[in-house]
Amino acid sequence: MVFGPVKNILHITHGPIGCGYYTWNTRRNLARPEEGYDHFNQICLSTDMQERDVVFGGEKKLAQAIREAYEIFKPKYIGVFATCPVGLIGDDIKSVCEKAAEELGVTVIPVSCEGYKGVSQSAGHHIASNSLITRVVGTQELEDPTPFDVNIFGEYNIGGDVWVVKPLLEKIGYRVVSVFTGDSKFEDLARAHRAKLSILMCHRSINYSNKMMEQKFGVPWLKVNYIGIEATIKSLREMAKFFNDPLIYENTEQVIEEELELVKPQFGYYRQRLEGKTAMVFAGGSRSHHYQDLLNDLGVETVLAGYQFAHRDDYEGRRVIPEMKEAPHHRIIDNLSFDRDPGTKPPYDEERIEQLKEALPDHLMDYEGMMVHMKEGAFVVDDLNHFETEAFVKGVKPDLFLSGIKDRYITQKMGVASRQIHSYDYSGPYTAFEGAVNFARDMDMAINNPIWKAVVPPWRRAVELELVDSMATDVATDEKKLT
């Protein structure tokens with residue numbers, strides 16, 4: 001999820017072929033080729049470990065796979081990702097990658113992200129962030145720095161999301177140095193330490209990198225949300241407040257006005273058709289929080305929300321972090337922290353950062369979490385299983401369920417419209433102003449589809465059968481009276 005979207009790294013999954021499935025375009029991390037750079041976005045490589053390799057070790061097989069990959073594709077950068085069997089048998093992928101880098105003269109990045117290292121994929125995000133900061137960020141220098149250089153963190157270009165957000169920021173006057181990691185190149189990430197601000201979209205997947213970049217290079221981060229019209233406007237205005245530049249302020253308001261003018265008629269139409277509906281949201285990352293803003297724009301009430309791999313701070317905000325005890329899995333995941341790099345001059349001194357924190361409470365180097373934004377009486381449930389999902393759908397009877405692919409079909413069989421919010425059911429983008437209209441259109445098609453009139457969920461079927469029996473009894477009684 002974190003490394004995979006980087007389009008000019010040739011990714012190799014070291015493990016059985018089944019472990020390579022998720023790398024092969026199962027997530028819609030869209031990317032465009034760029035002249036002068038490699039493009040490996042649609043290529044999936046695996047060492048295809050067999051039983052023999054598990055018994056005798058897979059290091060030689062990995063070394064050979066790296067050589068073959070280099071001979072075929074001639075990449076500048078190769079990523080090697082270890083899966084569970086590799087960690088269990090003890091293959092030293094770090095030394096294999098170091099030898100391969102020396103032999104081939106290219107960058108080879110080892111990532112020991114065996115799935116058993118954490119209770120959810122969040123552990124993999126943490127491990128990937130460690131590799132990004134220690135092996136990629138800061139390895140190249142940014143040419144012609146500007147006062148308005150920014151990084152976009154936690155954005156993976158699902159359905160082309162970043163292709164809507166990036167032009168919007170550039171129109172205001174920002175230069176996007178890097179995106180972590182949708183439609184990005186190794187070189188972009190390597191120069192990210194010279195930006196003046198990082199904006200953070202998905203808090204869970206990559207907040208680790210933001211924290212380490214602030215420690216090591218002094219680059220502050222701002223929590224934003226550009227899913228939803230009002231949320232996008234708020235985030236753009238907070239960015240302008242951070243930079244405190246008259247031209248940025250002026251351009252921000254002008255862009256907001258222009259974008260609203262373009263989308264208001266269509267968005268207003270869909271709001272009329274969706275207002276008063278209810279939704280359940282169960283997603284990963286921070287999406288269960290973000291999409292509530294967009295649903296609220298449409299007059300749709302969120303009656304239940306939960307995360308698939310969240311931590312306490314995703315629900316309650318980062319203020320709870322000092323209270324949290326370190327989990328046992330941290331013994332096998334390096335929780336890195338850094339001193340400031342010697343010779344690094346941060347873009348802002350401590351006094352200025354403190355002033356900005358006062359001006360931007362809850363968002364500058366902070367996150368207030370999801371729960372403070374939820375309405376009284378709404379349910380918050382962590383890591384729903386299918387049994388619980390069915391119980392909640394039956395209990396709250398939502399008009400819409402936004403989740404992943406696993407939950408979709410059982411929900412539809414219960415007569416509730418369901419949309420796959422992890423990859424948008426091959427639609428999108430859903431970000432910023434344009435994306436809000438796309439989302440509204442898709443939700444209208446889902447909820448107001450006449451097919452739901454023909455679907456009778458189990459709890460309604462029982463009621464209808466009782467009604468039919470009652471009507472049959474009444475008819476029989478009437479006939480008897482007539483006779």
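Nothing here was measured: the structure is a model prediction, and the numbers come from that model.
- Taking both residues in full, the closest heavy atoms of F309 and S120 are given as CB-OG, 3.2 Å, listed atom of the first, atom of the second, then distance.
- Remark: the backbone N or O of H386 is not paired with any side-chain donor or acceptor of D407 at under 3.5 angstrom.
- A side-chain donor-acceptor contact under 3.5 Å links S122 and Y208.
- One finds a salt bridge joining R204 and D313 here, because a Lys/Arg side-chain nitrogen approaches an Asp/Glu carboxylate oxygen to under 4.0 Å.
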In a table with atom names and distances, give each donor-acceptor pair under 3.5 Å that connects a side chain of residues 100-107 to protein atoms at least two apart or in another chain.
{"unit_1": "E103", "atom_1": "OE1", "unit_2": "R67", "atom_2": "NE", "d": "3.4"}
{"unit_1": "E103", "atom_1": "OE2", "unit_2": "R67", "atom_2": "NE", "d": "3.1"}

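- Applying the ring-ring contact (aromatic ring centres under 6.0 Å, His included) rule to pairs touching residues 30-58 yields F40-F73, sequence neighbours excluded.
- Using bins of under 30°, 30° to 60° and over 60° for the plane-to-plane angle, the ring pair F186/Y77 lands in the parallel bin.
- Side-chain contact of S198 with N151: a donor-acceptor pair under 3.5 Å is present, judged by distance alone.
- Here Y348 and F242 bring their ring centres to under 6.0 angstrom of each other.
- Evaluation of the salt bridge (Lys or Arg N to Asp or Glu O under 4.0 Å) test over residues 417-442, restricted to residues two or more places apart or in two chains, returns R408-D425, R419-D425, R419-D442.
- Under the 6.0 Å distance and 45° angle rule, K74 counts as a cation-pi partner of Y70.
- Counting only residues at least two apart or on different chains, the salt bridge (Lys or Arg N to Asp or Glu O under 4.0 Å) pairs with a member in residues 127-144 are E141-R194.
- Between atom CD1 of residue I89 and atom SG of residue C84 there is a gap of 12.0 Å, rounded to the nearest 0.5 Å.
- Counting only distance, with no hydrogens or angles, the side chain of N157 and the backbone of V162 share a donor-acceptor pair below 3.5 Å.
- With sequence neighbours excluded, no residue forms a ring-ring contact (aromatic ring centres under 6.0 Å, His included) with F338.
- In this pair, H203 and Y367 present their aromatic rings tilted. The plane angle is within the 30 to 60° band.
- Closest of all the heavy-atom pairs between K394 and M414 is N-CE, 4.2 Å.
- Residue pairs that meet the side-chain hydrogen bond (donor to acceptor under 3.5 Å, both in side chains) test with at least one member in residues 214-223, sequence neighbours left out, are K223-H290.
- Taking each heavy atom of V381 and Y315 in turn, the nearest pair found is O-OH, 3.7 Å.
- More than 12 non-hydrogen atoms from other residues, nucleotides or ligands lie less than 6.0 angstrom from CG of N449.
- Between the side chains of Y424 and D161, at least one donor N or O sits under 3.5 Å from an acceptor N or O.
- No side-chain donor-acceptor contact under 3.5 Å links H193 to the backbone of L142.
- Inter-residue side-chain proximity for P347 and P220 is flagged as met; some heavy-atom pair is nearer than 4.5 Å.
- Smallest separation of non-hydrogen atoms from D48 and D53: O-OD2, 4.2 Å.
- Annotation for S403 and S418: closest pair OG-OG, 4.5 Å, computed over non-hydrogen atoms.
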